[in-house]
Amino acid sequence: MTEMILVIGANGQIGTELVTALRAKHGNSQVVASDLHAPKNADSNGPFEQASVTDAAAVRAIFEKYKPTQVYLLAAILSAVGEQKPKLAWDLNMNGLLNVLDLAVEFKVARVFWPSSIAVFGPNSPKQNTPQYCVMDPNSVYGFSKLAGERWCEYYFEKYGLDVRSIRYPGLIGWKAAPGGGTTDYAVHIFHEALANGEYQSFLSAGTELPMMHMEDAIRATISLMEAPAESLTIRSSYNLAGVSFTPEQLNEEIKQHLPDFKLSYSENDPRQAIADSWPKSIDDSQAQKDWGWKAEFDLPKLVEDMLLNLRKIK
């Protein structure tokens, strides 16, 4: 069967690279990109539809026009921005998901992907090798919208038989698109500033260890999960996924292997620090390894080398 794939939130950090990867795999005309705004660097290689995921009628029109067999819903307000606009974040993250889930059932979409996050964990979740199942008490609007979203995804699978698949992404680091206002954004900004100015002020403290992942690994994981046989999947809320954990200071030391004069300083009293302190330091993703053969390829040295190499090319 020929796939017709719809990517909602296609202009974001994940969507930008996912659309490119899916079009390379399935053909340009088979992947429809959609977002609230037209892309700044318009991708003329395939169809684009401008719409808000909270506008159910507009999204329905896209479903009617293209009859998608797969839908990737990436539109969201992330952790840091969500704390500034909490009700807007809840509305977009929750009602956008419900709009898509309802339309996916109605239009008999074969598979839906929706990203969760390590933000579903909270102050009382285990910090080291955080397991698939544990206490989850998120203290950010983004976090509890993602936790509620996980429950809705599993509910639609159990009640309506909708094949929804999800990953709890760690912090994502890529060079092709700007990050979207999350707590882990420092780990992208630092590379741009290191090359442009030779210095950077981190909004997270030197010893704040967080799970991170190179965007190439994240895209590969997403497509691998969507291609896995349904019968092999045992998690219908969202899979833990691990890449590499590090602190700002460890990232600093690795960057200095390439840029010896780089200087990293730290700001104080940034509200994002409290969010980061509530999150895991490392993730146990053994269920993803077992169910669909997941394995990360980028460690910290490889990640840093790749980021600097590619950013130098586009500076």
Side-chain angles (χ1 to χ4, degrees), residues 7-9 12-15 18 53 70-82 89-101 104 111-122 125-126 130-158 162-172 179-184 210-213 215 217-226 228 233-243 275-276 278-280 282-289 291-292 294 296:
V7 181
I8 300 173
Q13 186 187 19
I14 300 171
L18 182 61
V53 73
Q70 292 185 32
V71 176
Y72 292 76
L73 171 56
L74 307 175
I77 291 179
L78 304 186
S79 55
V81 176
W90 177 261
D91 179 46
L92 174 64
N93 295 356
M94 206 83 288
N95 292 321
L97 172 60
L98 290 171
N99 285 342
V100 170
L101 292 177
R111 293 179 181 180
V112 175
F113 178 83
W114 173 81
S116 188
S117 163
I118 59 168
V120 297
F121 301 111
S125 304
T130 305
Q132 179 70 43
Y133 297 106
C134 63
V135 171
M136 300 166 80
D137 57 340
N139 58 7
S140 67
V141 175
Y142 178 66
F144 54 75
S145 73
K146 287 298 185 183
L147 181 54
E150 288 189 12
R151 306 318 310 142
W152 278 117
C153 287
E154 188 160 26
Y155 182 83
Y156 270 70
F157 172 73
E158 296 290 349
L162 182 63
D163 189 348
V164 191
R165 306 177 180 203
S166 180
I167 285 170
R168 291 171 182 156
Y169 286 125
L172 299 180
T183 300
T184 57
L210 288 171
M212 299 285 190
M213 179 173 286
M215 186 60 76
D217 271 344
I219 299 300
R220 187 169 52 83
T222 303
I223 294 174
S224 295
L225 174 60
M226 285 292 273
L233 304 182
T234 61
I235 305 295
R236 289 297 181 164
S237 52
S238 191
Y239 276 94
N240 274 7
L241 197 73
I275 298 173
S278 74
W279 286 358
S282 59
I283 297 289
D284 174 4
D285 64 356
S286 54
Q287 203 64 49
Q289 296 176 38
D291 288 2
W292 43 282
W294 164 249

**Asked** Is any side-chain heavy atom of Pro131 closer than 4.5 Å to a side-chain heavy atom of Gln287?
**Response** no

**Asked** What are the two closest heavy atoms between Ala119 and Pro138, and how far apart are they?
**Response** O-CB, 3.3 Å

**Message:** So, using side chain to side chain contact (heavy atoms under 4.5 Å, CB included) as the criterion, who are the partners of Ser140 when residues are at least two apart?
**Reply:** Glu83, Tyr142

**Message:** If we ignore hydrogens and angles and just use 3.5 Å, is the side chain of Ser79 paired with the main-chain N or O of Thr183 as donor and acceptor?
**Reply:** yes

**Prompt:** At what distance, to the nearest 0.5 angstrom, does CG of Leu18 lie from CD1 of Ile223?
**Reply:** 5.5 Å

**Prompt:** Should Pro115 and Ile167 count as side-chain neighbours, where that means a heavy-atom distance under 4.5 Å?
**Reply:** no

**Fill in**
side chain to side chain donor-acceptor pair (under 3.5 Å) filter on Gln132, not counting sequence neighbours, yields none

**Message:** Is the shortest side-chain heavy-atom distance between Trp294 and Ser286 below 4.5 Å?
**Reply:** no

**Request:** Name all residues meeting the side chain to side chain contact (heavy atoms under 4.5 Å, CB included) criterion together with Asp137; count only those two or more places apart in sequence or in a different chain, and write none if there are none.
**Result:** Pro123, Asn124, Ser125, Val135

**Item:** Closest non-hydrogen atom pair, Ala296 against Gly243
**Value:** CB-CA, 4.0 Å

**Item:** Pairwise distance CZ(Arg111) to CG(Asp163) - rounded to 0.5 angstrom
**Value:** 5.5 Å

**Closest non-hydrogen atom pair, Leu233 against Ala228** = CD2-CB, 4.0 Å

**Prompt:** Is it true that a side-chain atom of Asn240 and a backbone atom of Thr130 form a donor plus acceptor pair closer than 3.5 Å?
**Reply:** yes

**Message:** For Ser224, give me all partners under side chain to side chain donor-acceptor pair (under 3.5 Å), at least two apart in sequence or on another chain.
**Reply:** none

**Message:** A side-chain contact here means heavy atoms from C-beta on lying under 4.5 Å apart; do Asp217 and Leu172 qualify?
**Reply:** no

**Partners passing side chain to side chain donor-acceptor pair (under 3.5 Å) against Thr222 (at least two apart in sequence or in another chain)** = Tyr169

**Flag side-chain contact, heavy atom, 4.5 Å: Ile219 against Ile14** = yes

**Fill in**
Residues at least two apart in sequence or cross-chain that pass side chain to side chain contact (heavy atoms under 4.5 Å, CB included) with Leu162, listed by chain then number, are Leu101, Ala104, Val105, Val112, Tyr156, Val164

**Set of side chain to side chain donor-acceptor pair (under 3.5 Å) partners for Ser166, sequence neighbours left out** = Ser238

**Shortest non-hydrogen contact from Cys153 toward Ser237** = CB-O, 4.5 Å

**Asked** If every non-hydrogen atom of Arg165 is compared with every non-hydrogen atom of Leu225, which pair is closest and at what distance?
**Response** NH1-O, 2.8 Å

**Request:** For Arg151, check salt bridge (charged side-chain N to carboxylate O under 4.0 Å, His left out) against everything at least two apart and list the hits.
**Result:** Glu154

**Asked** Rounded to the nearest 0.5 Å, how far apart are CD1 of Ile118 and NZ of Lys146?
**Response** 12.5 Å

**Request:** Return the set of residues passing salt bridge (charged side-chain N to carboxylate O under 4.0 Å, His left out) with Asp285 (not counting sequence neighbours), or none when no residue passes.
**Result:** none

**Request:** Using a 4.5 Å cut-off on heavy atoms from C-beta on, say whether the side chain of Val141 contacts that of Asn93.
**Result:** no

**Item:** Side-chain heavy atoms of Leu241 within contact of Ile283, under 4.5 Å
**Value:** no

**Message:** Please enumerate all residues that pass ring-ring contact (aromatic ring centres under 6.0 Å, His included) together with Phe113, with sequence neighbours excluded.
**Reply:** Tyr72

**Message:** Can you list everything that forms a ring-ring contact (aromatic ring centres under 6.0 Å, His included) with Tyr239? Sequence neighbours excluded, please.
**Reply:** Trp292

**Fill in**
Here the pair of heavy atoms bringing Leu97 nearest to Gly149 is CD2-CA, 3.5 Å

**Asked** Should Cys134 and Phe121 count as side-chain neighbours, where that means a heavy-atom distance under 4.5 Å?
**Response** yes

**Message:** To the closest 0.5 Å, what do you measure between CD1 (Ile77) and CG (Leu92)?
**Reply:** 5.0 Å

**Asked** Who passes side chain to side chain contact (heavy atoms under 4.5 Å, CB included) against Phe157, sequence neighbours left out?
**Response** Arg236

**Asked** If you measure from CD1 on Ile8 to CG on Leu73, what distance do you get to the nearest 0.5 Å?
**Response** 5.5 Å

**Rounded distance [0.5 Å steps], CH2 in Trp114 versus CH2 in Trp152** = 12.5 Å

